[in-house]
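It should be emphasised that the depicted structure is a prediction, and the values quoted were computed from it without experimental measurement. As a basis for the values below, the full set of heavy atoms in this structure was taken, side chains included, without hydrogen atoms, waters or symmetry mates.
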Amino acid sequence: MSSNPILFTATIKQNGEMNAAFVEFPFSAEELFNKRGQVKIKALFDDKVEYRGSLVKMKSDCHILGLTQEVRKQLGKTFGDEVIISLIEDKEERIVEIADDISLIFNESPEAKILFDKMSYTHKKEYIRWIEEAKKPETRENRKIKMVQMILEGKKGI
């Protein structure tokens with residue numbers, strides 16, 4: 001497949017009753033990417049909001065792409081609105097940036113670090129984001145300790 005972006009317009013659909021949205025991918029992922037399952041992608045919505053995610057096959061005929069609340073907020077769009085999407089397959093390795101203070105707690109618990117390193121990009125990102133969203137320093141400290149406990153208990157994400 002060429003690295004030319006795939007461009008299409010789609011209507012934002014609501015996932016059941018949830019505050020979750022998706023668009024249908026109107027092409028065959030199998031033909032374009034040679035993949036039947038999940039396809040990691042980089043998308044650009046309405047030429048302004050960048051997003052890294054995956055095309056996934058739910059109980060649908062076609063692959064779908066989720067639109068997070070954050071993306072919808074940045075676009076100022078909601079269910080029923082049209083969005084222009086440009087996407088390419090994402091072949092870059094996905095690396096989660098880990099702040100120094102979080103690295104330090106992993107140094108104290110090498111076992112947790114080994115388990116963390118085996119997790120998917122998404123689960124790692126969830127843990128790190130959860131810690132970084134703490135507004136107070138003591139909350140951040142508590143979350144770091146809790147994260148190590150959760151990882152050692154085998155929890156794969158928040």
Ile102 side, atom CD1; Met147 side, atom CE - distance, nearest 0.5 Å: 6.0 Å
Ion pair Lys144/Glu141, N-O distance below 4.0 Å: yes
Whether Phe25 and Phe8 hold their rings parallel, tilted or perpendicular, with breakpoints at 30° and 60°: perpendicular
Partners meeting salt bridge (Lys or Arg N to Asp or Glu O under 4.0 Å) with Asp47 (sequence neighbours left out): none
Worked check of side chain to side chain contact (heavy atoms under 4.5 Å, CB included) between Val148 and Tyr127: CA-CA 10 Å; Val148 168; Tyr127 271 122; over 6 Å; no
Check: Leu87 and Leu55 side chains under 4.5 Å, non-hydrogen atoms: yes
Heavy atoms of other groups near Arg52 CZ, more than 12 under 6.0 Å: yes
Side chain to side chain contact (heavy atoms under 4.5 Å, CB included) between Thr139 and Asn142, worked out: CA-CA 5 Å; Thr139 306; Asn142 290 338; 5.6 Å; no
His63 (side chain) donor-acceptor with Arg36 (main chain) under 3.5 angstrom: yes
Side-chain ion pair, Lys13 and Glu24, N-O less than 4.0 Å: yes
Nearest heavy-atom neighbours spanning Arg140 and Ala99: NH2-CB, 3.6 Å
Residues that Lys125 engages under salt bridge (Lys or Arg N to Asp or Glu O under 4.0 Å), provided they are two or more places apart: none
Co-membership, hydrophobic cluster, residues Ile114 and Ile151, 4.5 Å side-chain: no
Note: Glu92-Lys42 ion pair, threshold 4.0 Å (strictly below): yes
Pairing of Lys91 and Glu89 as salt bridge, 4.0 angstrom limit: yes
Gap between atom NZ of Lys48 and atom CZ of Phe45 - 0.5 Å precision: 12.5 Å
Partners meeting side-chain contact (heavy atoms from CB on, under 4.5 Å) with Glu50 (sequence neighbours left out): Leu44
Aromatic plane relationship, Phe116 with Phe106 - under 30° parallel, 30 to 60° tilted, over 60° perpendicular: tilted
More than 12 heavy atoms from other groups under 6.0 Å of CD on Glu111: no
Pairs where residues 145-158 contributes a residue and the test side chain to side chain donor-acceptor pair (under 3.5 Å) is met, not counting sequence neighbours: Glu153-Lys155
Where Ala134 and Arg143 come nearest, the two heavy atoms and their spacing: N-NH1, 3.6 Å
Beyond-backbone contact of Val23 with Ile64, side-chain heavy atoms, under 4.5 angstrom: no
Taking every non-hydrogen atom, the tightest pair across Pro5 and Ile88: CA-CG2, 3.5 Å
Worked check of side chain to side chain contact (heavy atoms under 4.5 Å, CB included) between Asp90 and Val39: CA-CA 8 Å; Asp90 185 359; Val39 183; over 6 Å; no
Path from Phe22 to Ile84 over hydrophobic side-chain contacts below 4.5 Å: no
Shortest non-hydrogen contact from Leu7 toward Ser86: CD1-CB, 3.6 Å
Spatial distance of atom CE (Met150) from atom CD1 (Ile145) [nearest 0.5 Å]: 13.5 Å
Solution key, residues 71-79 side-chain donor-acceptor pairs under 3.5 Å, sequence neighbours excluded:
from, atom 1, to, atom 2, distance (Å)
Arg72, NH1, Leu67, O, 2.8
Arg72, NH2, Asn19, OD1, 2.6
Gln74, NE2, Glu70, OE2, 3.3
Lys77, NZ, Asp46, OD2, 2.6
Lys77, NZ, Glu82, O, 2.5

Results of side-chain contact (heavy atoms from CB on, under 4.5 Å) for Ala20 - residues two or more places apart only: Asn15, Met18
Minimum-distance pair of heavy atoms, taken over all atoms of Ala21 and Ile12: CB-CG2, 3.6 Å
Full working for side chain to side chain contact (heavy atoms under 4.5 Å, CB included) between Ile85 and Thr9: CA-CA 6 Å; Ile85 302 156; Thr9 302; over 6 Å; no
